[in-house]
Amino acid sequence: MKTGFKRLEKCVLAAVLSIGFIFTAGCGNNVSEKQENVSEAVTSTEAEKSAVATAGDMTDIDTVGYEGMEAVSAADLNDGTYEISVDSSSSMFKITGCTLTVNGDSMDAVIRMGGTGYLYICGGTAEEAAEKNESDYIPFTEEADGSHSFEIKNLEALDKALPFAAFSRKKEMWYDRSLCFRADSLPNEAFKESRLKSAEELSISDGTYTVDVKLEGGSGKANVTSPAKIKVEAGKVTATIEWSSSNYDYMVVDGEKYLPVNTDGNSVFEIPVSGFDGWISVKADTTAMSKPHEIDYKLYFDSGNIAGDKTASSITDWTKASLSSSLSLLYAKQFTVDMYRQGNSAPYSLITVKDDGKFLVVPHGCKAPKNVDKDIKVINEGTGNYYVANSAAMDFFISIDALHMVSFTSTEKNDWGILDVAKAMEEGGLSFVGKYNSPDFEALLSKGVTFAIENTMIYHKPEIKEQLERLGITVLVDHASYEESPLGRLEWVKLYGVISGKNKEAEMYFDSEIERISHIVEKADNTGSGDTGVESGKSGNDNPGAVNEGTSESDTKKKVAYFYISPKGYAVVRKSGDYVPKMIEMAGGSYVPASIKNEDEDALSTMHMDLETFYASVKDADVIIYDTTINGDVKSVQELVTAYPILQDMKAVKSGNVWITGQDMYQFSAHVADAIEDINAAINGRKDGLNMMEYLEP
């Protein structure tokens with residue numbers, strides 16, 4: 001992305017964005033306004049710090065903490081420094097990490113933010129902060145990556161909703177925030193009295209069971225198999241921990257060293273479990289680096305998911321398997337998932353991707369059945385070590401906490417706008433293996449890659465796909481870009497949930513995104529643009545945002561033009577059946593030029609228009625969104641009208657309602673709600689529930 005964009009003044013990449021339509025910068029008629037920097041904002045006068053956001057300026061307020069929590073003070077903790085999770089009442093106040101330091105009867109916390117949107121925080125309400133002197137405020141500290149952090153001295157308590165005020169750099173006003181520092185995210189040794197639940201307390205009798213286990217720590221690349229097998233004998237619990245790598249040569253638990261119990265495959269250890277429902281600190285020594293290195297991790301054994309040993313039985317013969325159920329899909333039309341069983345076997349998922357093929361996902365711990373049709377390719381669930389050449393798919397893995405399963409990408413580090421991906425490449429957990437049309441086959445083969453995800457560009461290089469398959473690598477071509485509905489594109493997160501063994505996470509993420517935009521879409525629908533089919537996270541319509549035949553759009557809808565100018569001077573616009581116009585309609589706008597139809601469903605989603613014809617059809621547009629993803633040279637409306645003077649008389653240009661998309665917008669595929677909220681805010685002048693837009697600026 002260009003450093004001239006306001007959100008990148010400090011060279012900080014924008015936070016995650018949506019569905020291939022995320023906006024990271026904007027423009028207005030006054031270019032000098034875009035040159036404002038943080039240092040100027042910090043010198044705001046006291047009068048400028050007296051403004052307080054009203055309820056109408058703010059996003060929905062989330063409840064922080066968890067049911068049944070009780071306040072934890074410094075007196076309850078052992079001295080030390082710990083990483084701790086923090087809940088925020090606002091999605092606009094994003095905390096990416098926090099370090100808690102306990103010293104005697106006091107606690108200090110340093111919260112790390114996802115960006116640079118706030119200059120100060122202050123204990124208490126926004127009204128109270130506005131009345132205080134600047135010396136009472138907590139100023140930001142700029143981190144090495146350009147983001148902001150704040151140090152809170154003498155933190156009152158953990159597991160308690162604490163009022164804070166945050167001063168917005170862009171809006172120059174105070175916002176009420178509520179933070180909860182989560183004691184349940186601390187390791188057990190942080191507490192003076194153990195918070196772990198024993199097998200006896202949970203009434204777990206001797207026997208063999210499985211339990212869900214979570215892992216945190218390290219670079220985020222490593223993972224452990226879940227559920228894990230545990231054995232209870234005389235109240236003592238032993239767990240079998242299988243890592244996602246064969247490079248661990250020992251573990252340390254409570255000061256004792258444990259060696260692997262296997263010699264082949266991923267490293268497996270049998271370790272004692274001191275209790276459930278709390279974080280247990282362990283160390284694991286890896287030989288994957290230039291020299292052996294001990295890494296600190298935390299394990300969490302969830303007593304709410306303990307079951308008798310249910311090592312799944314396999315489907316032995318595919319011809320004897322029968323259909324048991326199908327994955328519910330509300331919007332996606334380019335894939336289906338059917339579950340098959342043989343007797344009481346674990347369910348095997350058969351994925352069918354339209355115009356690509358069939359893929360059988362074998363459950364973890366099970367074997368591939370015999371007599372599988374030759375046209376069905378086999379994928380082992382959740383094994384990781386994936387090669388993802390389709391950059392838009394990476395955001396789906398992040399949204400379901402499965403980025404650690406991806407080992408190789410065809411996009412270089414400097415071309416990523418997703419911070420998590422860039423960080424993984426920085427730390428070596430994710431590697432560039434060459435462009436999609438010329439990958440390093442030897443590297444993929446030497447690292448044991450067995451599964452690759454490509455986008456439809458691979459069809460222009462069929463020999464690459466064929467070579468991958470000859471090497472024993474199963475190739476799935478992502479067809480999310482063929483989905484007409486933006487929600488259909490989003491629903492591909494469920495496919496990646498099936499492949500990675502993260503079905504529940506994928507379902508929850510999808511439902512939460514739908515829920516977030518339901519009120520916006522309902523309001524847009526009520527203005528007369530047609531049935532969107534979105535209601536409280538559920539849908540009965542396969543084509544959200546579509547205009548019903550025989551209906552006319554309400555005159556109250558603002559017209560939105562979305563386009564870019566090609567190097568040859570043509571306006572490139574989206575056809576009305578494309579997902580971008582539908583997203584605009586879902587956000588409450590009316591896409592122009594509306595006369596551009598999709599006559600052939602297999603045709604390109606864009607078309608070229610000469611500037612005169614284009615101008616005549618969009619001159620009265622209320623909002624302009626200029627797509628810099630293809631033509632990234634335009635950075636301001638002045639540059640646009642200077643290059644193409646015919647556009648200077650457009651209504652949106654005169655009113656300054658012009659926006660520019662980020663050049664990495666197609667990488668952000670899993671955040672539909674953010675995109676629609678921003679478009680809605682642009683259409684409605686930021687009055688529809690947003691106090692600060694994450695991805696657009698005027």
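- The minimum heavy-atom distance between Glu381 and Val498, with the atom names listed, is CG-O, 4.0 Å.
- Tyr348 contributes atom OH, which lies 4.5 Å from atom SG of Cys366 (distance to the nearest 0.5 angstrom).
- The aromatic rings of Phe276 and Phe301 sit perpendicular, their planes meeting at an angle over 60°, well past the 30° parallel limit.
- Between Arg516 and Glu513 there is a salt bridge, since at least one side-chain N of the basic residue sits less than 4.0 Å from a carboxylate O of the acidic one.
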Apply the test side-chain hydrogen bond (donor to acceptor under 3.5 Å, both in side chains) to residues Asp277 and Ser303: give CA-CA distance (whole Å), side-chain angles for both, the deciding distance (0.1 Å), then the verdict. CA-CA 6 Å; Asp277 303 337; Ser303 70; 2.5 Å; yes

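- Ring geometry, Tyr496 versus Trp492: the interplanar angle falls from 30° to 60°, so the pair is classed tilted.
- How far NZ of Lys231 is from CD of Glu270: 7.0 Å, rounded to the nearest 0.5 Å.
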side-chain hydrogen bond (donor to acceptor under 3.5 Å, both in side chains) between Ser326 and Asp338, intermediate numbers included: CA-CA 4 Å; Ser326 297; Asp338 298 312; 2.6 Å; yes

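- Rounding to the nearest 0.5 Å gives a distance of 14.5 Å between CZ of Phe408 and CD1 of Ile453.
- The two atoms that bring Val64 and Ser88 nearest to each other are CG1-C, 3.6 Å, heavy atoms only.
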Under the side-chain contact (heavy atoms from CB on, under 4.5 Å) criterion, do Leu323 and Leu350 qualify, and how do the steps go? CA-CA 10 Å; Leu323 178 67; Leu350 182 65; over 6 Å; no

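- Closest approach of Ala239 and Val273 over heavy atoms only: CB-CG2, 3.5 Å.
- Remark: side-chain polar atoms of Asp373 are not paired, donor with acceptor, to backbone N or O of Asp375 under 3.5 angstrom.
- In this structure, Tyr297 OH and Ile241 CD1 are separated by 13.0 Å, a value rounded to the nearest 0.5 Å.
- By the 6.0 Å contact criterion, CD on Glu427 is enclosed, its count of non-hydrogen atoms from other residues, nucleotides or ligands being greater than 12.
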Run the side-chain hydrogen bond (donor to acceptor under 3.5 Å, both in side chains) test on Gln342 and Thr316 for me, step by step, so that the C-alpha distance in whole Å, both residues' side-chain angles and the decisive distance to 0.1 Å come before the verdict. CA-CA 8 Å; Gln342 180 184 349; Thr316 57; 3.2 Å; yes

Trace of the side-chain contact (heavy atoms from CB on, under 4.5 Å) decision for Asn262 with Phe269: CA-CA 8 Å; Asn262 64 325; Phe269 298 85; over 6 Å; no

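- Summarising the local packing, CG of Asp317 is surrounded by more than 12 heavy atoms from other residues, nucleotides or ligands at distances under 6.0 Å.
- Taking all atoms of both residues into account, the shortest heavy-atom contact from Ile84 to Ala183 is CD1-N, 4.5 Å.
- In the displayed structure, Glu463 atom CD is contacted under 6.0 Å by more than 12 heavy atoms of other residues, nucleotides or ligands.
- Lys298 has no carboxylate O lying under 4.0 Å from a charged side-chain N of Glu83, or vice versa, which leaves the two without a salt bridge.
- When Lys257, Glu294, Met251 are each tested for a side chain to side chain contact (heavy atoms under 4.5 Å, CB included) with Asp285, only one passes: Glu294.
- For the atom pair OH of Tyr387 and OG1 of Thr409, the computed distance is 7.5 Å after rounding to the nearest 0.5 Å.
- The cationic atom of Lys494 (NZ for Lys, CZ for Arg) lies less than 6.0 Å from the six-membered ring centre of Phe510 and within 45° of the ring axis.
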Quick one, Gln334 with Val353, criterion side-chain contact (heavy atoms from CB on, under 4.5 Å). Give me CA distance, side-chain angles, the key distance, then yes/no. CA-CA 6 Å; Gln334 295 297 319; Val353 178; 5.7 Å; no

Could you walk me through whether Lys221 and Ser407 satisfy the side-chain hydrogen bond (donor to acceptor under 3.5 Å, both in side chains) test, starting with their C-alpha distance in whole Å, then the side-chain angles of each, then the deciding distance to 0.1 Å, before giving a yes or no? CA-CA 9 Å; Lys221 172 64 178 176; Ser407 297; 3.0 Å; yes

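- Residue Lys435 places its NZ atom among more than 12 non-hydrogen atoms of other residues, nucleotides or ligands, all under 6.0 Å distant.
- Comment: Lys333 does not engage Glu483 in a salt bridge, judged by the lack of any side-chain N to carboxylate O separation of less than 4.0 angstrom.
- With rounding to the nearest 0.5 angstrom, the CG atom of Leu476 is 10.0 Å from the CD atom of Glu454.
- Using a 4.0 Å cut-off between a side-chain N of Lys or Arg and a carboxylate O of Asp or Glu, Lys214 and Asp302 do not qualify as a salt bridge.
- The 12-atom threshold is exceeded at NZ of Lys465, counting heavy atoms of other residues, nucleotides or ligands nearer than 6.0 Å.
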